Structure formats: C-alpha cells, structure tokens
Amino acid sequence: MIKALKTAALALAVVLGGGAVASAESVKIGFITEPYPPFTSMDASGKFVGWEVELQEAVCKQAKLDCVITPVSWDGIIPALTSKKIDVIIASMSITGERLKTIDFTDKYYNTPTGVIGRKEDSFKPTAEGLSGKIIGVQVSTVHADYVKKHFASTAAEIKEYQTQDEANQDLAAGRVDAVQADAIALDAFLKSEAGAACCDYKGDVAADLEILGPGVGMGVRKEDTALKDKLNAAIKAIRADGTYETFSKKYFDFNIYGD
C-alpha cells in the first residue's frame, strides 16, 4: 500500500512538474496609451491595434511567452519597467546611450529615418538654416526632442514640446507651429490623413546623429533580465527568417522597415 502511494505521489509530481515546465512564462508588455499610428493606437473599443501589436503577437508566440499588454504613459514607461510594473517596453523606443544607462535593449526590430514636415506653402529644408526663425513642434521626452534642442535651438524662434505626437501634428495643421520633427513613418501616417493631406508635406530627412537617434528601435528590458532578452532576440531573428515579419509588415509599409 505504502509503495503504491509513493508511486502515485511520484507520478503526480511528474505531471505537475511537467505542467509547470510546459506553461508559458507570463510577461507584461508596456504599450503607450498615447496614439502613435501606424505603430500603436487604440480602436473604438479600447483595443490596441497597429504594427507593433502584430510584432508583439508574433514575437511572444515564437518565444512561447504569455504576453499581457499593459498600458503605460510615454513619460512613465521607463520607471514602470524599472519598478517591475511591466517587463518589456514595446513603444518605438530608440536605442540610445543615455537610455542604456538605465535599462537594456533587445536587438533592433526596426529602423526608419527621422524627418520634418511643414505647411505646403512654406518651403524650407530640415536644417538649422532652413528652420531659422521657425517654431518647431516635437513630442516631449523623445530622441526627436533631444535632436531638435541640439541641432535647431540656436536658430529656431521657439521649440514647443507636446505630450503626444497627435498634439504636435494638430498644432501644425492649425498654424500654431511651423514644423514638426518625428519618425518619418509616423509623420507619413499623419500626411495620409485628411487633415495632414490638406495642410502639410514632407520637408526631408534630418542629418544623421547616431549619438542621439541611435541605431534603431529595440524592446526595452531590465538589465538583469538577460534570459528574457535572449528569448526576445531569438524570436525577432526567427520571425524575420521565416517570413512572418515581412508578412505582417506588408500590411502597413511598402518598404523594408527593418532597415539596413
């Protein structure tokens, strides 16, 4: 009888142990609440949609992670990561030396140009000379804000910072700023909207600055979470190799968003 009970207990332990191994690791993915189409935004039902949502789904499936989207404001997303309210940042966050002092990043998952838009009737180049005397709008706490302050502050009439990219775009359409700098894809999405198409056009890419703009966009992770970082890196590499990345990207872009 005792032997039978021991055998049954051992079998139960094996089953439970196997279940524990088989269950997916739960990971909280921090997405910004502010709209940033076509990467992320919320639909009418409050559900996150966009390219980064599909990227997250593909990466989590490949890495066998149980990912839960957790909404966080842009200016609080790094503190949310370091305080363990979230485990991963997926928010079009550029990999920069300044951010690497606090958190770590996966390999890049996309890299696109940085550009400037302005009103159609106003012709200028995205340079310090071209933006001389102009009011420039930019989203707060971004690499673009850092870039504008470094390269254009000496000649611009004013630099206005906004909590969201939408607010900067709206002020450009309303004539309250003369130019807006952001990721070229985010700007393109605005220019394809009714308001953007009516008022504004693309003035060009800004000059490269690797120190500020970084080598691309990565997923933010805590420095100590090396195992999770390795899983995410392997998943990014795998979905690019098997065609998954290209398949969902084609729904949003007509070019290689991964970059060189």
Side-chain angles (χ1 to χ4, degrees), residues 20-32 36-41 48-70 72 74 77-78 80-82 84 86-114 142-143 183-186 188-189 208-260:
V21 171
S23 63
E25 178 184 355
S26 182
V27 175
K28 290 174 286 187
I29 306 291
F31 272 47
I32 57 170
Y36 197 60
F39 298 102
T40 57
S41 59
F48 277 102
V49 294
W51 183 82
E52 282 184 306
V53 178
E54 296 204 40
L55 172 87
Q56 172 264 156
E57 291 170 350
V59 166
C60 290
K61 181 180 180 181
Q62 178 66 40
K64 295 181 171 57
L65 297 172
D66 179 17
C67 293
V68 180
I69 291 179
T70 306
V72 187
W74 171 255
I77 202 164
I78 289 180
L81 178 66
T82 56
K84 299 188 177 182
I86 59 174
D87 302 305
V88 179
I89 293 172
I90 299 182
S92 289
M93 183 173 281
S94 298
I95 304 165
T96 66
E98 187 62 31
R99 287 170 177 154
L100 284 166
K101 294 176 183 178
T102 306
I103 65 173
D104 201 357
F105 284 91
T106 64
D107 298 336
K108 75 167 187 177
Y109 60 88
Y110 83 82
N111 189 21
T112 52
T114 292
T142 62
V143 295
D183 181 276
I185 305 307
D188 184 62
D209 186 332
L210 189 62
E211 182 182 356
I212 290 181
L213 299 177
V217 168
M219 300 180 188
V221 295
R222 289 181 288 273
K223 287 182 177 290
E224 64 269 24
D225 288 346
T226 54
L228 176 58
K229 175 184 171 180
D230 290 345
K231 285 183 182 179
L232 295 171
N233 278 337
I236 293 169
K237 184 177 181 180
I239 65 170
R240 290 195 65 240
D242 69 11
T244 302
Y245 180 98
E246 183 180 7
T247 298
F248 69 75
S249 294
K250 282 182 176 178
K251 297 192 298 187
Y252 299 88
F253 312 112
D254 58 3
F255 61 95
N256 175 24
I257 190 172
Y258 187 79
D260 297 329

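The shown structure was predicted, so the numbers you read here are calculated from the model rather than taken from an experiment. In this chain, residues are counted from 1 in sequence order.
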Check: Has the side chain of Asn233 got a donor or acceptor atom that lies under 3.5 Å from a matching backbone atom of Asp107?
Finding: yes
Of all the heavy-atom pairs spanning [X] and [Y], show the shortest one and how long it is.
X: Gly216; Y: Asn111; answer: CA-OD1, 3.5 Å
X: Ala58; Y: Phe248; answer: CB-CE2, 3.9 Å
X: Ala235; Y: Val59; answer: CB-O, 3.6 Å
X: Tyr36; Y: Ile32; answer: CB-CD1, 4.2 Å
X: Ile86; Y: Ile89; answer: CD1-CG1, 3.9 Å

Next item on the list: Evaluate the criterion side-chain contact (heavy atoms from CB on, under 4.5 Å) for residue pair Gln62 and Asp242; output intermediate values, then yes/no.
Entry: CA-CA 11 Å; Gln62 178 66 40; Asp242 69 11; 4.1 Å; yes
Margin query: With a 6.0 Å cut-off (strictly less than), is the heavy-atom count around NZ of Lys223, excluding the residue itself, greater than 12?
Written below: yes
Check whether any side-chain heavy atom of [X] sits under 4.5 Å from a side-chain heavy atom of [Y], and report yes or no.
X: Tyr109; Y: Leu232; answer: no
X: Ile77; Y: Met93; answer: yes
X: Glu246; Y: Tyr258; answer: no
X: Met219; Y: Leu55; answer: yes
X: Ile69; Y: Ile90; answer: no
X: Leu228; Y: Leu65; answer: yes
X: Leu81; Y: Val72; answer: no
X: Ile257; Y: Phe39; answer: yes

List the atom pairs, donor and acceptor, that lie under 3.5 Å between side-chain atoms in residues 98-105 and the rest of the protein, sequence neighbours left out.
| unit_1 | atom_1 | unit_2 | atom_2 | d |
| --- | --- | --- | --- | --- |
| Glu98 | OE1 | Lys101 | NZ | 3.0 |
| Arg99 | NH1 | Ser94 | O | 2.9 |
| Asp104 | OD2 | Lys229 | NZ | 3.0 |

Notebook entry, point to check: Which pairs with one or both residues in residues 52-62 pass salt bridge (charged side-chain N to carboxylate O under 4.0 Å, His left out), sequence neighbours excluded?
Noted result: Glu54-Lys251
Item checked: Ring centroid separation Trp51 to Tyr110 under 6.0 Å -> yes
Item checked: Separation of Leu213 CG from Ile95 CD1 (nearest 0.5 Å) -> 12.5 Å
